[in-house]
Amino acid sequence: MDWPQFRGPRASGIAEGFPTPTSWSVPEKKNVGWKTPLPGLSHSSPVIWGDRLFIATAISAKNNDVKVGLYGDIDSVQDGAIHEWRVYCLDKKTGKVLWQQLVCKGVPKVKRHTKASHASSTLATDGKSVVAFFGSEGLHCLDAKTGKLRWRRDFGVLDSGYFMVPDAQWGFASSPIIDSGRVIVQCDVQKGSFLAALDLKNGKTLWKTDRADVPTWSTPNICEEGGRKQVVVNGWKHLGGYDFITGKPLWKLIGGGDIPVPTPIVAQGLIYLTNAHGRMAPIYAVKPKASGEINLPSDNVGHPSVAWFKVRDGAYMQTPLVYGPHLYLCRDNGVLGCYDAKTGEKVYQERLGTGRTGFSASAVAGDGKLYFTGEEGSIFVVQAGATFKLLSTNEMDEICMATPALSEGKLYFRTQGHVAQVG
């Protein structure tokens, strides 16, 4: 099964049809298929097409460290060293490096957060092309077979950071997606935010729509429910849907967390959005036929275009997962909430780990199991369903900030220093 973008097909996070592992241990070399060293610092997730796995990385001559854990610092890393941005292609079955390509080299134009990397955006592929987005260092399209550069787009300086403290630069993280021969990019930055569709063949702009929003780190998604095809995006001042062909805004939801990160997902005939920071931290379940401007008060008064919403239950970093009839959402501190996906009724709330470990990666699922990745390398396997059951806790022996990929019953993790196959 292909896993072509962040969180797999349409960011669902789900891969079925094969038994998936319950237990493994990298330190003990238990149930580990292969482990390949990878230089640099990257939160980019693996993407897979056929028997090839693609991954991006940024290599600093000075500082390839990341600070994990639960903290609220807004600091930027002071690293003015030369960096190399590279894309790697590995054999999915063996971990052998088939090719690597130096995409660009130089001093980063924007600093990164102490918890971020200069390669936080996940690649996108259709099996023929691989698209890498390195923010201010440009959007690059490579030949999937050879790694040869096909085209490049420079959007100038894309300064993502805390809008209330502009000097706090945190680095770019929104990932590109490919659909119907188009590359969709969401660039919410300090000045000049926009959403755009480019021709995958040559990188030419098909449409570009300005967005009046603060910096976000969310990846866009595609929704084909309700008789229309739209690009759906997270945001603070403008969560919404845009016509896939023209880029025209279709609906706009105002309000939520003011540092939006999670990707919108489509399931159960609804569009789910969540974000955090600030007073609300909502979860929204929006109907695909929504139109116009939607304003929701904080006292749970409904709206015809919104099936349900909750305040103060949303996630800061993690994209939610809808698997079967339930929506699962893990917060930074490991508190896992399970909800009825159609009604929003809370089914259970439990904690993963000790409460001292941070969670930044998003969950994936398959074979009736949910996989939650802790920053310090502990992977929690939970049984899907209305009753919480922790099946196992497995160690990767390295920092894990990236969301894993799932293909043909195997899990693929990007750790701080390696890419590993388990199962």
Indicate yes or no for a side-chain donor-acceptor contact from [X] to the backbone of [Y] under 3.5 Å, with no hydrogens or angles considered.
{"X": "Gln186", "Y": "Ala196", "answer": "no"}
{"X": "Ser305", "Y": "Ala290", "answer": "no"}
{"X": "Asn394", "Y": "Trp24", "answer": "yes"}
{"X": "Gln421", "Y": "Lys92", "answer": "yes"}
{"X": "Ser42", "Y": "Ala119", "answer": "yes"}
{"X": "Thr216", "Y": "Gly235", "answer": "no"}
{"X": "Asn64", "Y": "Ile59", "answer": "no"}
{"X": "Thr403", "Y": "Ser362", "answer": "yes"}
{"X": "Ser392", "Y": "Val381", "answer": "no"}
{"X": "Ser44", "Y": "Ser121", "answer": "yes"}

Cationic tip of [X] within the cone over [Y]'s six-membered ring, i.e. under 6.0 Å and within 45° of the normal?
{"X": "Lys208", "Y": "Phe155", "value": "no"}
{"X": "Arg182", "Y": "Phe244", "value": "yes"}
{"X": "Lys369", "Y": "Tyr371", "value": "no"}

Do the charged groups of [X] and [Y] touch, with an N to O distance under 4.0 Å?
{"X": "Glu375", "Y": "Lys115", "value": "yes"}
{"X": "Asp79", "Y": "Lys111", "value": "no"}
{"X": "Glu224", "Y": "Arg10", "value": "yes"}
{"X": "Asp340", "Y": "Lys342", "value": "no"}
{"X": "Glu408", "Y": "Lys410", "value": "no"}
{"X": "Arg331", "Y": "Asp313", "value": "yes"}

Is any side-chain heavy atom of [X] less than 4.5 Å from a side-chain heavy atom of [Y]?
{"X": "Leu296", "Y": "Val306", "result": "yes"}
{"X": "His140", "Y": "Cys104", "result": "yes"}
{"X": "Ser174", "Y": "Ser218", "result": "no"}
{"X": "Ile259", "Y": "Tyr162", "result": "yes"}
{"X": "Tyr272", "Y": "Leu329", "result": "no"}
{"X": "Tyr412", "Y": "Ser45", "result": "no"}
{"X": "Leu41", "Y": "Ser60", "result": "no"}
{"X": "Leu253", "Y": "Trp251", "result": "yes"}

So, [X] versus [Y]: side-chain donor-acceptor pair below 3.5 Å or not?
{"X": "His238", "Y": "Asp213", "answer": "no"}
{"X": "Thr246", "Y": "Asp243", "answer": "yes"}
{"X": "Tyr71", "Y": "Thr114", "answer": "yes"}
{"X": "Glu16", "Y": "Tyr323", "answer": "yes"}
{"X": "Ser378", "Y": "Glu395", "answer": "yes"}
{"X": "Ser180", "Y": "Lys229", "answer": "yes"}

Restricting to non-hydrogen atoms, name the atom on [X] and the atom on [Y] that form the minimum distance, rounded to 0.1 Å.
{"X": "Thr219", "Y": "Thr263", "answer": "O-CG2, 3.1 Å"}
{"X": "Pro176", "Y": "Val185", "answer": "CB-CG1, 4.1 Å"}
{"X": "Val311", "Y": "Met280", "answer": "CG1-O, 3.4 Å"}
{"X": "Phe359", "Y": "Asn333", "answer": "CD1-C, 4.2 Å"}
{"X": "Asp332", "Y": "Tyr316", "answer": "OD2-CD2, 3.3 Å"}
{"X": "Trp3", "Y": "Leu406", "answer": "CE3-O, 2.9 Å"}

Is it true that, when you exclude Lys96 itself, more than 12 heavy atoms of the residues, nucleotides or ligands shown sit nearer than 6.0 Å to its NZ?
no
Within 6.0 angstrom of Glu345 CD, more than 12 heavy atoms from elsewhere
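Open.
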Measuring from atom CG of Asp258 to atom NZ of Lys237, what distance do you get when rounded to the nearest 0.5 angstrom?
10.0 Å
Report the distance from atom NZ of Lys287 to atom NZ of Lys289, rounding to the nearest 0.5 Å.
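Going from the NZ atom of Lys287 to the NZ atom of Lys289 covers 10.5 Å.
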Where do Glu376 and Val68 land on the side chain to side chain contact (heavy atoms under 4.5 Å, CB included) test, with the steps shown first?
CA-CA 7 Å; Glu376 294 179 3; Val68 301; 4.3 Å; yes
Start with the C-alpha distance between Arg112 and Ser120, add both sets of side-chain angles, then the distance that settles side chain to side chain donor-acceptor pair (under 3.5 Å), and finish with yes or no.
CA-CA 10 Å; Arg112 66 176 174 91; Ser120 292; over 6 Å; no
Output, in order, the C-alpha distance, side-chain angles, deciding distance and verdict of side chain to side chain contact (heavy atoms under 4.5 Å, CB included) for Thr122 and Val47.
CA-CA 8 Å; Thr122 294; Val47 297; 3.5 Å; yes
Does the plane of the ring in His83 sit parallel, tilted or perpendicular to the ring in His118? Use 30° and 60° as the thresholds.
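His83 vs His118 ring planes: perpendicular.
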Indicate the ring-plane relationship of Tyr328 and His326, choosing parallel, tilted or perpendicular according to the 30° and 60° boundaries.
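Ring orientation of Tyr328 relative to His326: perpendicular.
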Qualifying residue, where the test is side-chain hydrogen bond (donor to acceptor under 3.5 Å, both in side chains) with Tyr242 and the options are Arg211, Lys248, Lys252, Gln230
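Exactly one candidate clears the test, Arg211.
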Using the rule side-chain hydrogen bond (donor to acceptor under 3.5 Å, both in side chains), only one of Glu84, His43, Arg414, Gln100 pairs with Thr57; which is it?
Arg414
Please report the C-alpha distance between Phe172 and Phe133 in whole Å, then the side-chain angles of each, then the deciding distance to 0.1 Å, and finally whether the ring-ring contact (aromatic ring centres under 6.0 Å, His included) criterion is met.
CA-CA 9 Å; Phe172 194 84; Phe133 202 3; 4.7 Å; yes
Before you tell me yes or no, could you show the steps for Leu98 and Phe54 under side chain to side chain contact (heavy atoms under 4.5 Å, CB included), namely the whole-Å CA-CA distance, both residues' side-chain angles and the distance that decides it to 0.1 Å?
CA-CA 10 Å; Leu98 301 178; Phe54 305 94; over 6 Å; no
Here's a test for you: under side chain to side chain contact (heavy atoms under 4.5 Å, CB included), which of Ser160, Pro260, Ser193 qualifies with Asp188?
Ser193
Going through the checks in order, is the ring-ring contact (aromatic ring centres under 6.0 Å, His included) test met by Tyr348 and Tyr339?
CA-CA 7 Å; Tyr348 70 71; Tyr339 305 82; 9.1 Å; no
Is there a side chain to side chain contact (heavy atoms under 4.5 Å, CB included) between Leu239 and Ile294? Walk through the geometry before answering.
CA-CA 10 Å; Leu239 307 86; Ile294 303 168; over 6 Å; no
